[in-house]
Structure formats: C-alpha cells, structure tokens
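Here is the structure we will look at, set down as structure tokens.
Whatever order the structure lists them in is the order used to number ligands and atoms, beginning at 1. Start at 1 with the first residue, then count along the sequence.
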Amino acid sequence: MIELDDRTRAFQRQARAWAQELKPLALELDQDPDAIHRHLDVAIVSYLTRMTVPPEFNPDPVVIDGHRFYGTGTLERVVFAEEAAVGDAGMLLASPGPVMSGVLVDAMGDERQKKWFYSRVMEKPTWTFFALTEPDRGSDAAAMDTTLTPDGDHFVLRGAKRYIGNAARADLGIVFARTRPGPLGVTAVLIDTSAAGFTAEPLETIGLRGLRLTAVTLDDVRVPAEQVLGRHLRATQRGMWSAVQGLNRLRPGVAAFGLGIARAAYEYVLDNRRTPNTSERHRLDRLGLRLTELRQLIWRAAIAVDDNEPAAGYLASAAKARASRLAEEATLEALGHFGPGARLDHPLLDKLARDARGVEFMEGTGNIQKLNLFTGLVQGGLRRD
Ligand SMILES: Cc1cc2nc3c(=O)[nH]c(=O)nc-3n(C[C@H](O)[C@H](O)[C@H](O)COP(=O)(O)OP(=O)(O)OC[C@H]3O[C@@H](n4cnc5c(N)ncnc54)[C@H](O)[C@@H]3O)c2cc1C
C-alpha cells in the first residue's frame, strides 16, 4: 500500500479545498466553454497557469506548509488532478497553462527554447496546445501526414491536426510533423499561433467541453529553425520517441482525471441518494473499493515515471485503461441509482458520464493502452506481479 508523505498530503488537502470552488462552475462551462475567461481568478486556475514551470523560471510558486509546489513531479500532479477533477475535469482542462506542452519543452527544449516558452507562459495566463492527432491518424499517430520541409534558413509546416485541446485560444503550442518517412522522421516544433497560415476552428463536442477541441490547419506556416525542438538531442531521442516519452509522463495524470470523474459520480450518489437499499449499498461499497484500488495503481505508475523505471510506460497504460473504464462504469452506475429520468433530473451526473467518454480517447484509447500493456508482458518489459 503506497502512503503519501506529509508534503504531498498537504498539497492534496489544498487541492481538495480549491476544488470546491470548481463544482458550482461545472455546468456553466459545459454550456459555454468560453466561460473560462470569466473565471481566471479561481485559485486552481491560477495555479494551473504555472503548473510544470520549473523552479528556474518560476520565482513565485505555490507554498503550502512551508513546501514549494511547481507541479513538475508526476505523483504531485496525479494527486492534484484527482482532487481537481472531483471539482470539475472540464475546468481543469479549460485552464490556461503550459501543462502538456511544458512537459515536452522540458524534455526536448534547449536552454533558449525553454527560456522563450516559459517566459511567455509567465507573462500572463497563456493557453498552450499539443498537436499530434490528425483527421485520419488518431491511434496510429506515428503515420502522420503533416510535413515539415526545409526552405532556406527556416522550415515550412503543412497539414492538418484534429481534436486538439485549447488550440483556438492558445498563443503557443507544439506541433508534430514529418521531415521524412519512418518514426525517426517525426519532429516536434514550437509554434506561435499568430504565425501566418495557422488557423484553429472549434469543434462541436459532447464531453469535456471546456477543453474546446479544435481542428487545426497548417497552411505553409513558416517555422524558424530555432523553433525545432530536440536539435541538440540524438536523432533517436527526437520526434516520435519524445512524443511517447512525453505521453508516458502525462498519462498517469489523464488516469487521475478518470479517477476524479468516477469519484465525483460516487460522491454525488452518496450526497443525493439518501436511503439506498441493501443492493445499492453493496454496489456503492464495491465502487468505493475500486476507486481505492485504482488510486494505488495510478500512484504506482506516477512513482515509476518519476523514478524513470523501465516499466513506467506500461504501468501508465494500465492505469489509464483502468481509469477510463472505471470512469464510464461509475458514471453510468451512478445514473442508474436515480431511475430512468436521471440524465434529465441530474444534469451534473449526465455531464460526468459525457466527460468520462472523453477520457477514454485522451492520450490513446483503452485498446491502444491494452496493446501497449500486452507488448510489455510478452516482451518482458513488465512483470505480472
Ligand atoms: C477529450 C479529448 C482530448 C484530446 N486532446 C488531444 C490533444 O490535445 N492533442 C492531440 O494530438 N490529440 C488529442 N485528442 C485526440 C486523441 O488522442 C484521439 O482521439 C485518440 O488518439 C484516438 O484517435 P481517433 O479519435 O482517431 O480514433 P481511432 O484511432 O480511429 O480509433 C477508433 C476506435 O478504433 C480502436 N482502434 C484503433 N486502432 C486499433 C488497434 N490497432 N487495435 C485495436 N483497436 C484499435 C480504438 O480503440 C477506438 O475504439 C483528444 C481527444 C479527446 C476525445
């Protein structure tokens, strides 16, 4: 059984208190994703604007019980993400901040790129994005068609991306593109969305609507050579390898969104179904146990990522696959406690069930996580115990 240390427990308590502020805003944001602009002063949103900015670029971190929190550790992030998602996963994902692209800039950026990226993020609340998926290349992202072509002293980016969170409101982001065939031909570049040829159109969605998924068009976008990430790294450490490493670091956090959504549904039933019968009580008890088991798996995966364990990616896949499944099962089960009209009578539960479906697709579907997990088991990268 993994226990949190005093420092992380203090942060967990703070995140739980902050999350209370999100609950009343959840349905407003679901109806109008642009409502986030009215709530930038909410404590959790302020924290997210700087979460993952490393100490050398963040002179003013959150301090709790004398401890400084930068959000650079995976365990710290999953503990935070679960609590925040109990408040509202939509608000968490709608917030400005560097989280997804920041993890990649940290892993792949040179000193000048880090300075450029983090100083922009620290100036004001800044949305960022991370564009890997394409209209015809989702699970098979490595087969992407977007190209990055040299043109004199710069590069030209051409193609389309789809289902990209926050891109229409972002100032900065990372785009993956191909310089030549094969996985080693994939490269990541930093983009300023004011560049000519960059457009991002919001898509209609039903779950996690705050995230504002978009379709991005890259119509001969000029990319200065110094915006190409990983030029100082070996060829094998750039591109797709870095995407996989970055996603491995982020995946336990996505699993924690799923856990938070499942817990929100469970707590909603406890708060609103005052006299459950015996069978309902048993179902709730079983769900409570599954939440505890999943939390342990997510913490285990997060610690493995922080410790650079070879099996970290596989554990992160196991956590994500189980979390998105539990989020869907828990939210549907919660609706079942309130009878046939539950989706209309309990709009928050209806929203949680729609959000849970969104988690299934983020960072790779359940099938893709299971394929990764089985690869680990078959090839010996992951032990059964
Ligand atoms: C809320 C949300 C946020 C997102 N944010 C981002 C973002 O910020 N940036 C970004 O780049 N992308 C983002 N995405 C896109 C996400 O990564 C893709 O939706 C995901 O990779 C799946 O791709 P797809 O939608 O094209 O589905 P497909 O790949 O077409 O999959 C459809 C179905 O086929 C199954 N399938 C596919 N291949 C296999 C296989 N080999 N074996 C078994 N089953 C298979 C899948 O499991 C799924 O059930 C987001 C998506 C959502 C819903």
Check ligand 1 against [X] and write out every atom of the ligand that is under 4.0 Å from a heavy-atom position of the residue.
| X | result |
| --- | --- |
| Gly358 | 1 (C), 53 (C) |
| Leu371 | 40 (C), 41 (N), 42 (N) |
| Leu211 | 1 (C), 3 (C) |
| Ile368 | 38 (N), 39 (C), 40 (C) |
| Met362 | 1 (C), 2 (C), 3 (C) |

Check: Thr146/Glu134 side-chain N/O donor and acceptor closer than 3.5 Å: yes

Heavy-atom check, side chain of Asp171 versus side chain of Asp192, under 4.5 Å: no

Sub-4.5 Å side-chain heavy-atom contact between Phe130 and Ile164: no

Evaluate [X] for polar contact with ligand 1, using N/O atom pairs at a separation under 3.5 Å.
| X | value |
| --- | --- |
| Asp140 | no |
| Arg137 | no |
| Tyr163 | yes |
| Arg162 | no |

Quick one: nearest non-hydrogen protein atom to [atom], plus distance?
| atom | result |
| --- | --- |
| atom 53 (C) of ligand 1 | Phe361 CB, 3.4 Å |
| atom 35 (C) of ligand 1 | Asn367 ND2, 4.0 Å |
| atom 9 (N) of ligand 1 | Phe130 O, 2.8 Å |

Proximity to ligand 1 by part of Thr365, non-hydrogen separation under 4.0 Å: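 It is the side chain that gets close, since no backbone atom is under 4.0 Å.
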
From Val378, Ile368, Leu382, residue fulfilling side chain to side chain contact (heavy atoms under 4.5 Å, CB included) relative to Leu373: Leu382

Salt bridge present between Glu82 and Arg263 (N-O < 4.0 angstrom):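 Yes.
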
Candidate list Tyr70, Phe11, Phe69, test ring pair (Phe, Tyr, Trp, His ring centres under 6.0 Å), partner Tyr47, passing option: Phe11

Flag: protein heavy atom within less than 4.0 Å of atom 33 (C) of ligand 1: no

